[in-house]
Amino acid sequence: TGYWLAKAKVGGAVFNKTIRIETVKPNRLKIELDFGKDKLIYRDLNLSGDLNVRWLTGAKANELKTEFEYQLSPIKTQFANYPGFSFDDESKEFFGERQIAFQGRLNADGYTKLSIKLGKQTRAPGALKAKFFGKVFEEGGDFSIKNVSIPFYPYEVFVGIKIPEGDKRGILLTDEDHKIRVVTLDSDGNPVN
(Lines give C-alpha, C1' and ligand atoms only; values in the text may rest on other atoms or scores of the structure.)
Protein backbone atom coordinates (compact mmCIF):
# COMPACT_ATOMS: atom_id res chain seq x y z
CA THR A 1 0.00 0.00 0.00
CA GLY A 2 1.02 3.61 -0.35
CA TYR A 3 1.96 5.87 -3.23
CA TRP A 4 3.44 4.30 -6.37
CA LEU A 5 4.76 5.78 -9.58
CA ALA A 6 3.20 4.50 -12.81
CA LYS A 7 5.36 5.13 -15.88
CA ALA A 8 4.27 4.56 -19.50
CA LYS A 9 6.58 4.84 -22.50
CA VAL A 10 4.83 5.43 -25.81
CA GLY A 11 7.23 5.94 -28.68
CA GLY A 12 9.60 8.68 -27.53
CA ALA A 13 7.19 10.09 -24.93
CA VAL A 14 7.22 9.15 -21.25
CA PHE A 15 4.17 9.67 -19.03
CA ASN A 16 4.35 9.58 -15.21
CA LYS A 17 1.46 9.39 -12.79
CA THR A 18 1.52 8.97 -9.02
CA ILE A 19 -1.21 6.57 -7.92
CA ARG A 20 -2.35 5.46 -4.49
CA ILE A 21 -2.68 1.76 -3.79
CA GLU A 22 -4.86 0.86 -0.81
CA THR A 23 -5.53 -2.38 0.93
CA VAL A 24 -8.77 -3.96 -0.28
CA LYS A 25 -10.69 -5.85 2.37
CA PRO A 26 -12.96 -8.62 1.10
CA ASN A 27 -16.53 -8.98 2.31
CA ARG A 28 -16.77 -11.05 5.48
CA LEU A 29 -20.56 -11.15 5.39
CA LYS A 30 -22.83 -12.87 2.87
CA ILE A 31 -25.66 -10.44 2.08
CA GLU A 32 -28.76 -11.62 0.23
CA LEU A 33 -31.49 -9.18 -0.85
CA ASP A 34 -34.55 -10.78 -2.44
CA PHE A 35 -37.60 -8.96 -3.79
CA GLY A 36 -39.27 -12.17 -4.98
CA LYS A 37 -39.34 -10.99 -8.62
CA ASP A 38 -36.91 -10.33 -11.43
CA LYS A 39 -38.63 -7.17 -12.72
CA LEU A 40 -40.48 -4.29 -11.07
CA ILE A 41 -43.59 -2.78 -12.65
CA TYR A 42 -45.79 0.28 -12.11
CA ARG A 43 -47.68 -1.41 -9.24
CA ASP A 44 -44.47 -1.88 -7.23
CA LEU A 45 -44.43 1.67 -5.85
CA ASN A 46 -44.15 0.31 -2.29
CA LEU A 47 -41.54 -2.39 -2.63
CA SER A 48 -40.85 -5.03 -0.01
CA GLY A 49 -37.72 -7.18 0.16
CA ASP A 50 -36.14 -9.75 2.43
CA LEU A 51 -32.60 -9.09 3.65
CA ASN A 52 -30.69 -12.06 5.04
CA VAL A 53 -27.11 -11.68 6.30
CA ARG A 54 -24.73 -14.36 7.52
CA TRP A 55 -21.04 -14.49 8.25
CA LEU A 56 -19.08 -16.37 5.58
CA THR A 57 -18.54 -19.09 8.19
CA GLY A 58 -22.35 -19.61 8.21
CA ALA A 59 -23.02 -18.08 11.62
CA LYS A 60 -25.92 -15.65 12.07
CA ALA A 61 -25.02 -11.97 11.73
CA ASN A 62 -27.28 -10.85 14.54
CA GLU A 63 -28.23 -7.25 15.25
CA LEU A 64 -25.72 -5.60 12.89
CA LYS A 65 -26.26 -2.06 11.64
CA THR A 66 -27.48 -1.97 8.02
CA GLU A 67 -27.89 0.78 5.43
CA PHE A 68 -29.34 0.53 1.94
CA GLU A 69 -29.66 3.27 -0.68
CA TYR A 70 -31.25 3.12 -4.12
CA GLN A 71 -30.92 5.03 -7.35
CA LEU A 72 -33.05 4.97 -10.48
CA SER A 73 -31.42 5.44 -13.88
CA PRO A 74 -32.83 5.16 -17.42
CA ILE A 75 -32.21 2.09 -19.56
CA LYS A 76 -33.38 1.18 -23.06
CA THR A 77 -36.95 -0.12 -22.96
CA GLN A 78 -37.08 -3.49 -24.70
CA PHE A 79 -39.61 -6.25 -25.11
CA ALA A 80 -38.41 -9.62 -26.45
CA ASN A 81 -41.26 -10.12 -28.95
CA TYR A 82 -40.93 -6.62 -30.44
CA PRO A 83 -37.34 -6.12 -31.69
CA GLY A 84 -36.69 -2.92 -33.59
CA PHE A 85 -39.44 -0.98 -31.82
CA SER A 86 -38.56 2.17 -29.90
CA PHE A 87 -40.44 2.54 -26.60
CA ASP A 88 -38.45 5.43 -25.11
CA ASP A 89 -39.60 9.06 -25.10
CA GLU A 90 -36.52 10.96 -26.29
CA SER A 91 -38.03 14.30 -25.24
CA LYS A 92 -37.70 13.37 -21.54
CA GLU A 93 -34.54 13.47 -19.46
CA PHE A 94 -34.27 11.62 -16.19
CA PHE A 95 -31.64 12.01 -13.48
CA GLY A 96 -32.07 9.86 -10.41
CA GLU A 97 -30.35 10.71 -7.17
CA ARG A 98 -29.34 8.23 -4.49
CA GLN A 99 -31.97 8.01 -1.81
CA ILE A 100 -31.98 6.23 1.51
CA ALA A 101 -34.05 3.07 1.35
CA PHE A 102 -33.35 1.61 4.78
CA GLN A 103 -31.36 2.33 7.92
CA GLY A 104 -31.64 0.02 10.90
CA ARG A 105 -30.46 -3.19 12.49
CA LEU A 106 -30.88 -6.83 11.67
CA ASN A 107 -32.76 -9.04 14.11
CA ALA A 108 -31.15 -11.86 16.12
CA ASP A 109 -31.36 -14.18 13.08
CA GLY A 110 -29.59 -11.74 10.74
CA TYR A 111 -32.84 -10.86 8.97
CA THR A 112 -34.89 -7.76 8.30
CA LYS A 113 -37.67 -6.72 5.95
CA LEU A 114 -36.97 -3.72 3.73
CA SER A 115 -39.84 -1.42 2.77
CA ILE A 116 -38.92 0.94 -0.06
CA LYS A 117 -41.14 3.65 -1.53
CA LEU A 118 -40.17 4.10 -5.19
CA GLY A 119 -43.08 6.46 -5.87
CA LYS A 120 -44.61 7.28 -9.26
CA GLN A 121 -42.01 8.01 -11.90
CA THR A 122 -43.85 10.22 -14.40
CA ARG A 123 -40.67 11.84 -15.77
CA ALA A 124 -39.02 8.59 -16.88
CA PRO A 125 -38.42 8.29 -20.63
CA GLY A 126 -39.14 4.55 -20.44
CA ALA A 127 -37.78 1.67 -18.41
CA LEU A 128 -35.49 2.34 -15.48
CA LYS A 129 -32.89 0.35 -13.60
CA ALA A 130 -33.31 0.31 -9.83
CA LYS A 131 -29.88 -0.08 -8.26
CA PHE A 132 -29.64 -0.90 -4.56
CA PHE A 133 -26.40 -0.21 -2.68
CA GLY A 134 -26.12 -1.85 0.72
CA LYS A 135 -23.68 -1.87 3.63
CA VAL A 136 -23.78 -4.10 6.67
CA PHE A 137 -21.44 -2.92 9.44
CA GLU A 138 -19.50 -5.19 11.76
CA GLU A 139 -19.21 -4.21 15.42
CA GLY A 140 -15.63 -3.02 14.84
CA GLY A 141 -16.69 -0.56 12.13
CA ASP A 142 -15.68 -2.54 9.02
CA PHE A 143 -18.47 -3.24 6.57
CA SER A 144 -19.41 -5.60 3.76
CA ILE A 145 -21.23 -4.34 0.67
CA LYS A 146 -23.89 -5.68 -1.66
CA ASN A 147 -25.15 -4.13 -4.90
CA VAL A 148 -28.33 -5.37 -6.59
CA SER A 149 -29.89 -4.13 -9.85
CA ILE A 150 -33.39 -4.86 -11.10
CA PRO A 151 -35.27 -3.41 -14.12
CA PHE A 152 -38.24 -1.19 -13.34
CA TYR A 153 -41.05 -0.59 -15.88
CA PRO A 154 -42.85 2.42 -14.32
CA TYR A 155 -45.81 2.74 -16.72
CA GLU A 156 -48.95 0.68 -17.14
CA VAL A 157 -48.78 0.96 -20.95
CA PHE A 158 -45.82 1.50 -23.26
CA VAL A 159 -46.21 2.77 -26.82
CA GLY A 160 -43.68 1.54 -29.34
CA ILE A 161 -42.98 2.78 -32.83
CA LYS A 162 -41.08 1.04 -35.61
CA ILE A 163 -39.91 3.11 -38.54
CA PRO A 164 -38.88 1.36 -41.79
CA GLU A 165 -35.14 1.01 -42.39
CA GLY A 166 -35.22 3.03 -45.62
CA ASP A 167 -33.12 2.49 -48.71
CA LYS A 168 -29.52 1.23 -48.75
CA ARG A 169 -28.37 4.62 -47.40
CA GLY A 170 -30.88 4.48 -44.53
CA ILE A 171 -32.96 7.30 -46.00
CA LEU A 172 -36.77 7.42 -46.25
CA LEU A 173 -37.58 8.96 -49.61
CA THR A 174 -40.16 11.78 -49.63
CA ASP A 175 -42.05 10.70 -52.76
CA GLU A 176 -43.00 7.26 -51.42
CA ASP A 177 -45.43 5.98 -48.81
CA HIS A 178 -43.85 4.37 -45.75
CA LYS A 179 -45.56 2.09 -43.29
CA ILE A 180 -44.85 2.97 -39.65
CA ARG A 181 -45.87 0.34 -37.10
CA VAL A 182 -47.24 1.30 -33.68
CA VAL A 183 -47.84 -1.09 -30.79
CA THR A 184 -49.13 -0.67 -27.23
CA LEU A 185 -47.90 -3.11 -24.59
CA ASP A 186 -48.34 -3.57 -20.87
CA SER A 187 -45.28 -3.66 -18.61
CA ASP A 188 -44.98 -7.44 -19.14
CA GLY A 189 -44.83 -7.05 -22.95
CA ASN A 190 -48.38 -8.21 -23.69
CA PRO A 191 -50.43 -6.27 -26.30
CA VAL A 192 -53.18 -4.02 -24.94
CA ASN A 193 -55.99 -2.31 -26.78
Side-chain angles (χ1 to χ4, degrees), residues 27 29 31-53 65-106 111-137 143-166 169-172 174 177-193:
N27 282 348
L29 296 166
I31 304 168
E32 294 179 6
L33 178 60
D34 183 23
F35 295 110
K37 50 184 83 177
D38 58 354
K39 176 169 85 170
L40 306 175
I41 61 172
Y42 69 97
R43 281 187 235 115
D44 296 321
L45 301 180
N46 295 317
L47 186 60
S48 179
D50 295 320
L51 179 64
N52 288 298
V53 181
K65 180 182 168 191
T66 305
E67 293 178 357
F68 262 86
E69 296 178 321
Y70 75 91
Q71 181 178 18
L72 300 175
S73 58
I75 59 172
K76 184 174 173 61
T77 308
Q78 297 179 354
F79 295 98
N81 294 333
Y82 295 90
F85 279 84
S86 175
F87 293 93
D88 295 311
D89 184 350
E90 294 181 17
S91 69
K92 291 183 177 180
E93 289 188 18
F94 184 88
F95 301 102
E97 296 180 9
R98 275 197 184 196
Q99 298 182 27
I100 295 173
F102 176 81
Q103 285 182 326
R105 290 199 170 265
L106 302 170
Y111 170 83
T112 192
K113 191 102 171 151
L114 299 183
S115 295
I116 302 166
K117 294 184 192 258
L118 294 176
K120 278 193 155 193
Q121 302 299 324
T122 58
R123 299 180 53 100
L128 301 171
K129 181 186 289 186
K131 294 183 265 186
F132 299 91
F133 309 93
K135 291 181 183 179
V136 179
F137 294 87
F143 58 87
S144 295
I145 60 172
K146 177 72 172 187
N147 296 333
V148 176
S149 295
I150 188 167
F152 176 33
Y153 286 70
Y155 300 116
E156 187 172 357
V157 177
F158 290 83
V159 178
I161 186 169
K162 186 173 185 179
I163 299 174
E165 292 181 13
R169 299 169 293 176
I171 297 173
L172 296 176
T174 57
D177 290 340
H178 301 283
K179 189 179 276 190
I180 296 176
R181 296 180 58 197
V182 178
V183 66
T184 54
L185 306 175
D186 66 13
S187 53
D188 290 321
N190 301 317
V192 293
N193 190 355

Closest heavy-atom pair and its distance - [X], [Y]:
| X | Y | value |
| --- | --- | --- |
| Asp88 | Lys76 | OD2-CA, 3.6 Å |
| Ile145 | Lys135 | CG2-CG, 4.0 Å |
| Pro154 | Ala127 | CD-CA, 4.2 Å |
| Leu128 | Ile75 | O-CD1, 3.7 Å |
| Ile31 | Val136 | CD1-CG2, 3.7 Å |
| Lys131 | Ser149 | CG-OG, 3.4 Å |

Partner set under ring-ring contact (aromatic ring centres under 6.0 Å, His included) for Tyr153, not counting sequence neighbours: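 Per chain and number, Tyr153 pairs via ring-ring contact (aromatic ring centres under 6.0 Å, His included) with Phe79, Phe158.
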Pairwise distance [atom1]([X]) to [atom2]([Y]) - rounded to 0.5 angstrom:
| X | Y | atom1 | atom2 | answer |
| --- | --- | --- | --- | --- |
| Asp50 | Leu33 | CG | CG | 8.5 Å |
| Leu47 | Lys117 | CG | NZ | 11.5 Å |
| Gln78 | Asn81 | CD | CG | 12.5 Å |
| Phe137 | Thr66 | CZ | OG1 | 8.5 Å |
| Lys162 | Ser86 | NZ | OG | 12.0 Å |

Would Leu185 and Val183 satisfy side-chain contact (heavy atoms from CB on, under 4.5 Å), going step by step from the backbone distance to the final call? CA-CA 7 Å; Leu185 306 175; Val183 66; 3.7 Å; yes
With side-chain contact (heavy atoms from CB on, under 4.5 Å) as the test, would you mind laying out the steps for Leu106 and Leu51 before giving the verdict? CA-CA 9 Å; Leu106 302 170; Leu51 179 64; 4.0 Å; yes
Return yes if some donor-acceptor pair links the side-chain N/O of [X] with the main-chain N/O of [Y] below 3.5 Å, else return no.
| X | Y | result |
| --- | --- | --- |
| Gln71 | Gly96 | yes |
| Ser144 | Leu29 | yes |
| Tyr155 | Ile41 | no |
| Asp186 | Gly189 | yes |
| Asp188 | Asn190 | no |

When you compare the side chain of [Y] with that of [X], does any pair of heavy atoms fall below 4.5 Å?
| X | Y | answer |
| --- | --- | --- |
| Thr112 | Phe102 | yes |
| Ile150 | Asp38 | no |
| Glu93 | Pro125 | no |

Please indicate whether [X] has more than 12 foreign heavy atoms, meaning atoms of other residues, nucleotides or ligands, lying under 6.0 Å from its [atom1].
| X | atom1 | result |
| --- | --- | --- |
| Lys129 | NZ | no |
| Ile100 | CD1 | no |
| Arg181 | CZ | no |
| Phe94 | CZ | yes |

Salt-bridged, Asp44 to Lys37, with N to O below 4.0 Å?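 Lys37 and Asp44: salt-bridged.
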Between Phe68 and Phe132, is the ring-ring contact (aromatic ring centres under 6.0 Å, His included) condition met? List the steps. CA-CA 7 Å; Phe68 262 86; Phe132 299 91; 7.4 Å; no
Residue pair Tyr42, Lys120: steps toward the side-chain contact (heavy atoms from CB on, under 4.5 Å) verdict: CA-CA 8 Å; Tyr42 69 97; Lys120 278 193 155 193; over 6 Å; no
Begin from the C-alpha positions of Phe95 and Leu72 and carry the test side-chain contact (heavy atoms from CB on, under 4.5 Å) through to its verdict. CA-CA 8 Å; Phe95 301 102; Leu72 300 175; over 6 Å; no
Check whether NZ of the Lys or CZ of the Arg Arg98 lies under 6.0 Å from the centre of the six-membered ring of Phe133 and within 45 degrees of that ring's axis.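 That pair qualifies as a cation-pi contact.
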In terms of relative ring orientation, are Tyr82 and Phe87 parallel, tilted or perpendicular, with 30° and 60° separating the classes?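 It falls in the perpendicular class, over 60°.
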I would like to know whether Lys65 and Glu67 meet salt bridge (Lys or Arg N to Asp or Glu O under 4.0 Å); could you show each step before the answer? CA-CA 7 Å; Lys65 180 182 168 191; Glu67 293 178 357; 3.6 Å; yes
